[in-house]
Protein chains: 2
Amino acid sequence: MAELPIETYLPGLSIDCVIFGFHEMELKVLLLNMKNQEEWALPGGFIQKDQDVDIEANRILENRTGLKNIFLQQFHLFGDLTRNKAGHAKKLVETKIISDDLRPWFEQRFLSIGYYALVEYSKVQVPTPDFTSDSCEWCSLNNLPKLIMDHQQIIDRAHQVLKKELNYQPIGLNLLPQQFTMSEIQTLYETVLGKTLDRRNFRRKILSYDILVATNKQRKGGTHRAPMLYEFDEEKYTQAIQEGLKSLF
Amino acid sequence: MAELPIETYLPGLSIDCVIFGFHEMELKVLLLNMKNQEEWALPGGFIQKDQDVDIEANRILENRTGLKNIFLQQFHLFGDLTRNKAGHAKKLVETKIISDDLRPWFEQRFLSIGYYALVEYSKVQVPTPDFTSDSCEWCSLNNLPKLIMDHQQIIDRAHQVLKKELNYQPIGLNLLPQQFTMSEIQTLYETVLGKTLDRRNFRRKILSYDILVATNKQRKGGTHRAPMLYEFDEEKYTQAIQEGLKSLF
């Protein structure tokens, strides 16, 4: 059972991390299967009194999953009264995840700070669960298991934000192979957005961002006309992350 | 001096509101001039234990400024250790804004949840300050007075977010007159962005959003060719707020 140094944490505040994993054109979320329970949870934890919140988010993610060096972005503070479910602390005690004297800590009102990241999941370490959970797994976004508290809403909100950010921030570096076809980058966008896009509009739009370079190579092996390969102009890509996309206001 | 019911508030958490005011093509921020001090502060306050955070943000804004019915959007939680300045609580006591027994409350580490809004400032009530401040004024964004703690950073961050949001969310309704010229809406964007935009690109882009209707009227009185007047298609505008702009992915 866990011995949490609760006196070292800020009371009533937690962090929850939504780690989207992208691999072979599929979008997944990293979840922990709570010990002795059928419910799943986002990797999360508490904030040390003497540390910056952003630094704590990374520490929590590493402690609970073994994942290192993932760039987390804060996206929302969840502060509704209804998010605290009375039964949650009770269940943690019953399933022996926490001892009974930690119950008051878990029963207090909690606000949670949401962080998210989008990673190529075959490139990160195999996640390992901590004391609260039996396993740590990538679950398909379209077919999530039952989640504790408001974790489903936290995931939905993170996904919404990610979809919005596609419109002012480049994505793809480290998610796609070094060289890729127009159709592959379109599939990346379609996977994140969960909808199909018009081929010609997509092409026009993504080229207007001025972050792609057409190589003079073609993808080999197809029966049809071999498609052109592109790569990111890493300098322009980095600049666009910092200053916004060229096509923006 | 203030009698704050601190036992009814969540400890270590505050809310700060960045209210951008737009009027006659100028962008301002609403600030409170701290009593007996030269420093200014964002309208802010604490969160009641038995209330949703979003609801508290609106209550705090109304209590501290008299402003009602402003749609506030949460944009960031400020959680760095460095944001708490040792001298802040001391100064509040010295200037008799708070009594000495409230000092420990103000000396604890505070995280602050940032909210922002963009309003036509001539349309809101004249703001009235609360017990902490001598006056409540609209200050020009380009020439802000000295601010307490990290409030300058909070404003900078809110402005950054606002500039990003222009790219996936319509603005202008309630900020521009019912009917306006292409040049007027361009000036709105330029004012918020703090830079000039190319006239032809702006026109192409804003029309691609499919939220404007060209009326068959022209602005009268000019010596040159009278410019065409536009208005928002309110149905499409509302839809774009909810579902994103047409030109987005």
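By convention in this document, chain letters (A, B, ...) are assigned in the order of the sequence lines, proteins followed by strands, and residues within each chain are numbered from 1.
- A 6.0 Å sphere centred on CD of B:Glu234 holds no more than 12 heavy atoms belonging to other residues, nucleotides or ligands.
- Contacts of A:Leu193 with chain B are made by side-chain atoms alone, with heavy-atom separations under 4.5 Å and no backbone atom involved.
- Proximity to chain A is limited to the side chain of B:Lys205, based on heavy atoms less than 4.5 angstrom apart.
- When the shell of 6.0 Å around NZ of A:Lys90 is examined, it contains 12 or fewer heavy atoms from other residues, nucleotides or ligands.
- To the nearest 0.5 Å, atom CG of residue A:Leu77 and atom OH of residue B:Tyr115 are 7.0 Å apart.
- At a 4.5 Å heavy-atom cutoff, the contact between B:Leu111 and chain A is made by side-chain atoms alone.
- The CG atom of A:Asp80 sits 6.0 Å away from the CG atom of B:Asp54 when rounded to the nearest 0.5 Å.
- Within 6.0 Å of CZ in A:Arg59 there are more than 12 heavy atoms belonging to other residues, nucleotides or ligands.
- A donor-acceptor pair is defined here as one N or O able to donate and one able to accept, closer than 3.5 Å; no such pair exists between the side chain of A:Gln74 and the backbone of B:His76.
- Nearest heavy-atom pair across A:Asp52 and B:Leu81 is OD1-N, 2.6 Å.
- Across A:Lys49, A:Gln108, A:Glu190, A:Glu165, the residue that shares the most heavy-atom pairs under 4.5 angstrom with chain B is A:Lys49.
- Within the 4.5 angstrom heavy-atom criterion, only side-chain atoms of A:Lys195, from C-beta onward, approach chain B.
- Between B:Leu10 and A:Leu13, the closest side-chain pair of non-hydrogen atoms is not below 4.5 Å.
- Heavy atoms of other residues, nucleotides or ligands lying less than 6.0 angstrom from CG of B:Asn69 number 12 at most.
- Within a 6.0 Å radius of CD in B:Glu7, more than 12 heavy atoms belonging to other residues, nucleotides or ligands are found.
- When all heavy atoms of B:Gln48 and A:Arg109 are compared, the closest pair comes out as O-NH1, 3.3 Å.
- Contacts between A:Gln169 and chain B at a heavy-atom distance below 4.5 Å involve the side chain alone, from C-beta outward.
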